[in-house]
Amino acid sequence: MLSSVGTDDLACCSALLEAMQNLHGMALHAALGGIASGLLKRPGGRYVIGASAPVEGGLCQPVQCEGALFGHFVFPPLTRPYSDQERQRLAMLAAFLGRLMQGRADTEQRVRALDQIEAKLEQQAQILNQMHESVITMDPAGFITSWNRGAEQLFGYSAMEAIGRNVLFLYENEDEEDSLHDLFLEHGGREMEVRRRKKSGEVFWASLSLSVMRDQNGHPIGLIGYLNDITERKNAEKLIHRLAYYDALTGLPNRTLLTRTVDQALEEARHENLHGCVMFIDLNRFKPINDTLGHVAGDMLLVEVAMRLRRALRERDVVARLGADEFAVALFGIDKDSPAYVAQKLLALFDDPFFIDGHELRVGASIGVSLYPENATDTETLLRLADIAMYRAKQGGENNEGGYACYSEEMNRNTLDLLRIETGLLHAFEYNELLLYYQPKVDMQTLAITGAEALVRWQHPERGLLLPGEFIPIAEETGLIVQLSDWVLDAVCRQARAWKDAGLPPIRIALNVTAREFTRSLPDRVGAALERHMLSGEWLELEITESMLMHSTDRVISIMEKICGLGITVSLDDFGTGYSSLSYLKRFPINTLKIDRSFTMGIPDDTNDCAIASAIIGIAKQLRHKVIAEGVEDEKQFNFLREAGCNELQGYIFSRPVPAPDFHAMLLEGRKLALESASASQV
């Protein structure tokens, strides 16, 4: 049913799942009513428990599953009647909620069942401690000589039926222990858990304690057996063992059992000089399938994957589910070429589609491989290294088809560096290790400062001052880029406010905007920062890249128009290095084109760079855009760009990026670009 829903429906389902997970009681009921109202876009939606009579002209939809009624969605009569489509959508929501309610009820029932098992085990332990044991005495040959009432109750045989018979008639298997009696008589008592058979034929587990009977001279004359029925305890232990060591969904071993099994295999491998490997398997595209079709379909897919993996491997190979869409495989007693062959074989399992609940689904897998003993000699390290290799395989895959990669030391170094930078960035926010540098922008006619670009630096406690290229890519990969961008925005606005309070006129400070933060929330975030520091939009300029303009054109234009509505100018950074469609310049509200330093560097010696720069300036002039060239380092470049009509420059010819106090000093003294050439001095 979920395969037909739209984006709004998915948002509704997401809200429904979140409410079911986090709310209970009246809070949940209120949230469910709100969700229903949001779905139908009708006011007054409520969720009520139990029976509810429909109101004439209103809407009443039962929420039920498998015959169980959980409640009703109720809507009051309104001026505009409810349509059939609204009724169908509400019925779909009610059906989905019913399944969720039933799932939660089933889960609670399973939890109660486990609680009852645990309580019963505790109660059984108390009973066993207080009840009379069954006591049996036997001669050295195993013939029963006495049989108490506890034994009668336990086995169902009367004393008359049991005395004189050999105790073997109580065994599940008479050949099981025929040689044990002599051992007990020679070495004393022993405790064990055994299976015994009652008169009814029922086989049960018993706790058996044997002690030697001796005559007055100390010679053994027989055995005393103390038995208690422990069947319920054994069954409970079996259940608990299953829950503790196996994945409830797929039936595969879980991480705990995998670790124990591999530990044992490693011990054997050490003694017999065997080779082995551990594979970490992560599914590709599982999350969108799970989110779109629902967790039930996702669970069915995981079960099918588990079955394919298990069938593809040897009986002695270990296949485990680690959680979510992650699996692991452990192979031992293999040659050095086997891991690559097996990895390719497992990847081939995903060539055929999975047919789940009427849907043909295609997923891939990424596999990381760690080798024993080449990479590691313990289970946890092998798993960790295979996980690292899996991420490398995922990065190298195309079109979500996945692939495999074997661990190497380089991967570990890269992962450790990534982890150190990520952890360090979190500390950088906390310990105020981030700072801003400002690279001035200069008017090519007046040679005066017109603005600056804000560039973040990280004063690392161990590595010194780090440039953006050393940590921005990692911030983008780990998701910290949004937090970092918010910090830069606030820091720039705070500094601009300080300059305003110092009496300086508005000067535009340019900020680089990443694709990850170029969302519908960007105008509100920027507007809030300006309002927080009581600034107008003429203090800011946002620099975006061409790649941000490639998709969702209407959405991008809407975002840019809202930004421009705040009085903020928009600059197209690194123009000419991307897709460079002229339609961008016509359709998007762009104020400035920024010539990338890769074209500036070759001016005036490289004719191609000169032609490209001149073309960009010419196009910008025709469209009435301002042009700024970055990376200008000498007067030859300056003179060419100025004669071509470039408006501003940014580069070492005037200044490197400097701390805020130094830039403030430049503004106060009215510093201008100093040139040696006579033509420049006459400007």
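Start at 1 with the first residue, then count along the sequence. Atoms considered below: every heavy atom in the structure, side chains included; atoms not considered: hydrogens, waters and symmetry mates.
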D335 and S338: side-chain hydrogen bond (donor to acceptor under 3.5 Å, both in side chains), yes or no, with the steps?
CA-CA 6 Å; D335 57 47; S338 294; 2.8 Å; yes
If you apply the rule side-chain contact (heavy atoms from CB on, under 4.5 Å), what do you find for L97 with M20, and how did you get there?
CA-CA 9 Å; L97 177 59; M20 288 292 295; 3.7 Å; yes
Apply side-chain contact (heavy atoms from CB on, under 4.5 Å) to the pair L371 and H275, showing each step before the final yes or no.
CA-CA 8 Å; L371 305 177; H275 288 272; over 6 Å; no
Check the pair E237, K234 against side-chain contact (heavy atoms from CB on, under 4.5 Å), reporting the backbone distance first and the verdict last.
CA-CA 5 Å; E237 287 177 353; K234 294 292 289 185; 3.8 Å; yes
Would V456 and W487 count as a side-chain contact (heavy atoms from CB on, under 4.5 Å) here? Give the steps.
CA-CA 10 Å; V456 66; W487 181 91; 4.0 Å; yes
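The minimum heavy-atom distance linking Q64 with F70 is given by the pair CA-CD1, 4.0 Å. The minimum heavy-atom distance linking A320 with L258 is given by the pair CB-CB, 3.9 Å. Of all heavy-atom pairs between R525 and S485, the closest is NH2-CB, 4.5 Å. Nearest heavy-atom pair across Y372 and L274 is CE2-O, 3.4 Å. Contact detail for R520 and S558: the closest heavy-atom pair is NH1-OG, 4.4 Å. Taking each heavy atom of K594 and E543 in turn, the nearest pair found is NZ-OE2, 2.9 Å.
Distance CD/E304 to CG/L349: 12.0 Å, rounded to 0.5 Å. Here CG of L257 is found 15.0 Å from CZ of R321. Values are rounded to the nearest 0.5 Å. For the atom pair CG (D291) and CG (L17), the distance works out to 9.0 Å, reported to the nearest 0.5 Å. Atom CD1 in I289 sits 13.5 Å away from atom NE2 in H295 (nearest 0.5 Å). Summarising the geometry, atom CZ belonging to F96 is positioned 11.5 Å from atom SG belonging to C65; distances are rounded to the nearest 0.5 Å. From S366, atom OG reaches atom CD of E326 across 11.0 Å, with rounding to the nearest 0.5 Å.
Two residues are said to be in side-chain contact when any heavy atoms from C-beta on lie closer than 4.5 Å; V369 and V278 fail this criterion. A 4.5 Å side-chain heavy-atom check between Y245 and R260 finds at least one atom pair inside the cut-off. Residues L309 and I281 are in side-chain contact: their nearest non-hydrogen atoms beyond the backbone lie under 4.5 Å apart. Between F350 and V305, the closest side-chain pair of non-hydrogen atoms falls below 4.5 Å. Contact of the C277 side chain with the I334 side chain is registered, since non-hydrogen atoms from C-beta on lie closer than 4.5 Å. With a 4.5 Å cut-off on side-chain heavy atoms, L434 and L484 count as touching. Looking at heavy atoms from C-beta onward, I356 lies out of side-chain contact with L293 at the 4.5 angstrom threshold. Residues F332 and V262 form a side-chain contact, since some pair of their non-hydrogen atoms from C-beta on lies under 4.5 Å apart.
In this structure, Y341 places its OH atom where only 12 or fewer heavy-atom neighbours from other residues, nucleotides or ligands lie under 6.0 Å away. The number of heavy-atom neighbours closer than 6.0 Å to CD of E193, taken from other residues, nucleotides and ligands shown, is above 12.
Under the 3.5 Å distance criterion, with hydrogens and angles disregarded, no donor-acceptor pair is assigned to the side chains of D84 and Q88.
A donor-acceptor pair is defined here as one N or O able to donate and one able to accept, closer than 3.5 Å; no such pair exists between the side chain of D325 and the backbone of L302. The main-chain N or O of R362 is found under 3.5 Å from a side-chain atom of R285 such that the two form a donor-acceptor pair. Using a distance-only test at 3.5 Å, with no hydrogens or angles considered, no donor-acceptor pair links the side chain of S14 to the main chain of L10. A donor-acceptor contact shorter than 3.5 Å links the side chain of N22 to the backbone of E18.
Of the listed residues (L382, D387, N375), just one forms a side chain to side chain contact (heavy atoms under 4.5 Å, CB included) with Y407, and that residue is N375.
Under the 6.0 Å distance and 45° angle rule, R308 counts as a cation-pi partner of F354.
The pair R270-E267 meets the salt-bridge criterion, with a side-chain N (NZ, NE, NH1 or NH2) lying under 4.0 Å from an Asp/Glu carboxylate O.
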